[in-house]
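Chain identifiers are assigned alphabetically (A, B, ...) following the order of the sequence lines, protein sequences preceding nucleic acid strands; residue numbering begins at 1 within each chain.
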Amino acid sequence: MITLLEARGIGKRFGGLTALDDVSLTINKGEVYGLIGPNGAGKTTLFNVLTGAYMPDGGEFVFNGSQLPTGKPHKVVGRGIARTFQNIRLFRELTALENVMAGHHIRTRAGIWGILTQSRFTREEERLTTERAYELLDYVGIAHLAEAVSKNLSYGDQRRLEIARALATEPHLLALDEPAAGMNATETAQLRRLIDQIRHDGVTVLLIEHDVKLVMGLCDRVAVLDFGRKIAEDVPSVVQRDPKVIEAYLGGGHKHVA
Amino acid sequence: MNELVAAVPWLGRRNPMAARWLIIVLALAAPLIAMMFGRSWVRVLDFALLYMMLALGLNVVVGFAGLLDLGYIAFYAVGAYTFAFLASPHFGVHWPFWAVLPLGAAFAALAGIALGFPVLRLRGDYLAIVTLGFGEIIRIFMNNLNYPINITNGPQGINMIDPIVLFGWDLSRTLKIGDFTINSLYLYYYFFLLCVAGSILLIQRLQISRIGRAWAAMRDDELAAKAIGINIRNMKLLAFSLGATFGGVAGCLFGAFQGFVSPESFSLMESIAVLTMVVFGGMGNIAGAVVGALVLALLPEVLRDIAVPIQQMLFDRVLLDPEVLRMLLLSLAMILMMLLRPVGLIPAKARYAHPEHLPRKKEARP
Amino acid sequence: METLLQQLINGLTIGSVYALVALGYTMVYGILGLINFAHGDLVMVGALSALQTMMFLMGVAPGMSPIAMLTLALLVAMPVCMMLGFTMERLAYRRLRNAPRLAPLITAIGMSFLLQTIAMILWGRSYHTFPQLISTTPLQPIAGVFITPVQIAILITSALIMVALILLVTRTRVGRAMRATAENHKVASLMGVDTNAVIAMTFVVGAALAAVAGVMFASNYGIAHYGMGFMPGLKAFTAAVLGGIGNLGGAMLGGITLGLVESFGAGYIEDLSFGFLNSSYQDIFAFIILGLVLIFRPTGLLGERVSDRA
């Protein structure tokens, strides 16, 4: 097994609240890695620290063999980590196609002079970007909506568009923040097939999810966070029976029976 | 141009080709029509074209990148003063037009970056106030830098600025071809028209490019834009400096055309006027900026011609002078547009991709 | 030393006027997240409608005592501004509460220019002499420092108003409703607060303060005209940001700090810049402070809210 991402002793505090406490975990290349835990356990905070939205107070991430820069989202994306958001964040006024094309930004090179003079390189790159974006829309199953303005798409289509946009950055690791939230059973099943497909096509997936059934069915390994600490990390069947995990979900005042 | 064509009422969607030709013919014939009402109307058209350039440039900043800039006129001032310094008796320097124009554009771009750096982290309302302050600071300096060393000549401004000379051809002189004479105002008109057309072309290329999409992404959701790897800092600075460049070029043209610059031309009211043009036409689309500038530059002049005689007839005196009418018009345009039609006069959808690149289009499915 | 004390008095006076205006900005921002650009122009409307009243009174009752006249002028100017504030909110801002973020701001800018234009139509473009009913002749110098009766009046009045405002906000039902609405509109309205009424109330109170500030401003300088509100408005906004926008105490602190900086700055700028800049650059201090605060301490001196709320 080849390690893709290693988190080493990540810590993050907000004022007096410890959101992440010395979290370490290892994600292997090619797997679907689940991150679960009750509300407020620090899952999204870990995402935000990983993708550079927050500065960690301690620890480091090693990705593909070298340390990740902290607090610089565009560099993290450049290294090959893409994410989606819990509450979908699309570019509302852009079409589905343009959203995905924007996602390709970091893999394109056309400069200001090239654009103003419409150099051959720029035109070719633009054409390839369009084609690539269209392929990705097709991949997630919404190619027929390419020219629809994204704010008018249905909820499920918006989720899929967000995944297509993240894939357009050509990531090695795709981090999905509760992609099934608010989806009905059919949509969840489609999502599950999509994530499976993405993994088969060689992209490692990090999945935060509340839907335990989805996580258990889809993930190769699962880590559980509770109050900012990792309390378990193993294959789903083992984690499911871990008394600490059951305690975290059922006891301690948490009402979340996921 | 396509947005502009689509914006032509009725004809635009039915027969784009005819609409395109209509725009071209109208643009070419406009000064001839204006001349029938008097020379001053050709001058008004010349200024309308300058406003168009300003609105196009500001639209890059406000419309594309979503950065509300209330000090935009400062870049116009930088361009105009650069021209005045380098091509007038004020310092006794008379550089040729082609040498000064890029310098004016470059200084304006630098000023844009200078403004951009401190305001990188600001959004929305704070940005508006700080940029307004920037515009005012520039104006205060223009007004006061005549002491202890006379740089700007203070409130009097600088006059006798050289006209535009293209390859030995002086635009400020009447052109004679045989018995045929072409007034200088026409020459400026067609030269400015060329500049506006060039600006539209360049801005459209920017809009439909990775940069235009990055701006739009940043405008719609800054956090998500970061999350897909867009370097927000660079994109904001680029928007400020490119927007400023168009302002700087327009400023050079203004200085040369008017032959005179003073701080009065660069008041906050002018920044607001250009912003109103962008808002009125429709933020974020090129046709909007063009039409907004055209309407709001011409309307006050039309009112001046109509309202003043009417008032004299009715009340025997002028109650609302033209300047008041212009302010009234601009402020009402801004408020009413936001309340009644926030997308602007031309709600044409801005495009950030070439749909003809779509594979589906090529296959031409039934 | 004497100049220093003198600048201190001048700075405190003008600073307390800024503070009154800043309170209006900060209250509206705290509750709506809107910079009401037109707030500065209410200062102008206050001054000019007070002027109009005084001219009228001088015509009909020439023997009236200055204090009575000033009081009557205020009693006209305040309701005029309050009505204007109410109207602006009702007709424009309320309809834009859920609009895209630039829309209310652009409307506010338009509103500011509309007010200036209307004032220009009503009162013309010229500068009007504002009757200085309270003397501006300095009293007997104390330790070489000149202080004028009008300065004393401004300092005392604004102190009283600020105390009254703090009592209103902290001790009354209306004040509690205001704080609740500022915290969270939805929750406040679920708790039975009529948030629309509270927001309107905020505009009206702010407008009344602006009217008083306008009369003070005009009395201090002896001049009034249609554009007089814009600069003080911007400076007051700077003061509000400096103090921490959304925070009443911050607006007061910010106003007075800005007044002092400006006063000292104008006094010493020539020495500081080796004679290159002079006091005509006074107006740039506010902008420089604004820029610095927003870059280095966007929450302001006493602030609680973050800067990038838009």
Side-chain angles (χ1 to χ4, degrees), chain B residues 62 66-68 70 117-130 132-137 139-141 143-145 147-149 154 219 222 268-269 271-273 275-276 278-279 283 319-321 323-340 342-343, chain C residues 29 33-37 88 91-93 95-96 99-118 120-121 124-125 227 230-231 234 237-238 241 245 274-284 286-295 298 307-310:
Chain B
V62 181
L67 306 162
L68 188 54
L70 293 186
F117 256 113
V119 301
L120 275 175
R121 283 165 43 190
L122 309 180
R123 281 209 309 244
D125 30 23
Y126 282 94
L127 181 70
I129 298 249
V130 175
L132 185 155
F134 175 80
E136 286 299 291
I137 288 177
R139 202 173 55 88
I140 291 170
F141 273 98
N143 251 324
N144 294 299
L145 275 182
Y147 163 90
I149 314 158
R219 174 196 68 198
E222 194 168 315
L268 175 64
M269 189 60 213
S271 278
I272 302 293
L275 177 69
T276 313
V278 173
V279 167
M283 274 185 276
L319 291 175
L320 306 177
D321 63 65
E323 192 47 34
V324 170
L325 276 175
R326 178 173 183 246
M327 277 182 70
L328 204 58
L329 184 76
L330 290 173
S331 48
L332 283 176
M334 198 151 26
I335 298 171
L336 294 179
M337 216 57 185
M338 280 297 122
L339 286 174
L340 305 175
V343 284
Chain C
Y29 193 93
L34 165 76
I35 298 177
N36 181 14
F37 258 93
M88 280 197 289
L91 292 185
Y93 302 141
R95 303 176 56 174
L96 291 168
R101 64 193 173 90
L102 290 186
L105 188 59
I106 290 172
T107 311
I109 297 165
M111 206 57 94
S112 161
F113 277 83
L114 185 64
L115 285 183
Q116 287 185 38
T117 315
I118 294 173
M120 203 193 261
I121 294 170
R125 257 172 235 256
F230 197 78
M231 243 336 157
L234 281 178
F237 173 75
T238 304
V241 173
I245 196 129
F274 306 103
F276 189 69
L277 303 175
N278 53 42
S279 56
S280 39
Y281 289 91
Q282 184 185 350
D283 286 344
I284 68 177
F287 295 124
I288 292 174
I289 289 184
L290 181 63
L292 292 178
V293 172
L294 287 177
I295 293 161
S307 81
D308 60 8
R309 191 172 145 177

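Side-chain contact between C:Ile245 and B:Tyr126: present, with at least one pair of heavy atoms (C-beta onward) separated by less than 4.5 Å. At least one side-chain heavy atom of C:Arg95 sits under 4.5 Å from a side-chain heavy atom of B:Leu340. Using a 4.5 Å heavy-atom threshold, the side chains of C:Ile109 and B:Met334 count as touching.
The part of C:Met231 that comes within reach of chain B is its side chain, from C-beta onward, which places non-hydrogen atoms under 4.5 angstrom from that chain. Using a 4.5 Å cut-off between heavy atoms, C:Met120 contacts chain B through its side chain alone, with no backbone atom that close. For B:Asp321, the part lying near chain C is the side chain, with the backbone staying farther off; criterion is any non-hydrogen pair under 4.5 Å. With a 4.5 Å cut-off on non-hydrogen atoms, B:Met283 touches chain C through its side chain but not through its backbone. Within the 4.5 angstrom heavy-atom criterion, no atom of B:Pro342 approaches chain C. For C:Ile106, the parts sitting under 4.5 Å from any heavy atom of chain B are the backbone and the side chain alike. Heavy atoms closer than 4.5 Å to chain C are found nowhere in B:Leu120, neither backbone nor side chain. Using a 4.5 Å cut-off between heavy atoms, C:Leu292 does not touch chain B at all. Both the backbone and the side chain of B:Phe141 have a heavy atom closer than 4.5 Å to some heavy atom of chain C. Contact annotation for C:Leu290: only side-chain heavy atoms (C-beta onward) come within less than 4.5 Å of a heavy atom of chain B.
Of the listed residues (B:Leu330, B:Ile272, B:Val279), the one with the most heavy-atom contacts under 4.5 Å to chain C is B:Ile272. Contact tally against chain C (heavy-atom pairs below 4.5 Å) for B:Val62, B:Leu145, B:Leu275: the top residue is B:Leu145. Residue with the most contacts toward chain C among B:Ile129, B:Leu332, B:Leu70, B:Leu127: B:Ile129 (heavy-atom pairs, distance under 4.5 Å). With chain C as the partner, the residue from B:Ile137, B:Leu68, B:Asn144 showing the most heavy-atom pairs under 4.5 Å is B:Asn144. Contact count against chain C (heavy-atom pairs under 4.5 Å) is highest for B:Leu328 among B:Val130, B:Leu328, B:Leu336. Counting heavy-atom pairs closer than 4.5 Å to chain C, the top residue among B:Val119, B:Thr276, B:Asn143, B:Leu132 is B:Leu132.
Going from atom CD1 of C:Ile284 over to atom CZ of B:Arg139 covers 13.0 Å, rounded to the nearest 0.5 Å. Here the straight-line distance linking atom CG of C:Leu102 with atom CE of B:Met338 works out to 8.0 Å at 0.5 Å rounding. The structure places CE of B:Met327 at 10.5 Å from CD1 of C:Ile118, a figure rounded to the nearest 0.5 Å.
Shown here for B:Gly133 and C:Phe287, the closest heavy-atom pair between the two residues is CA-CD2, 3.3 Å.
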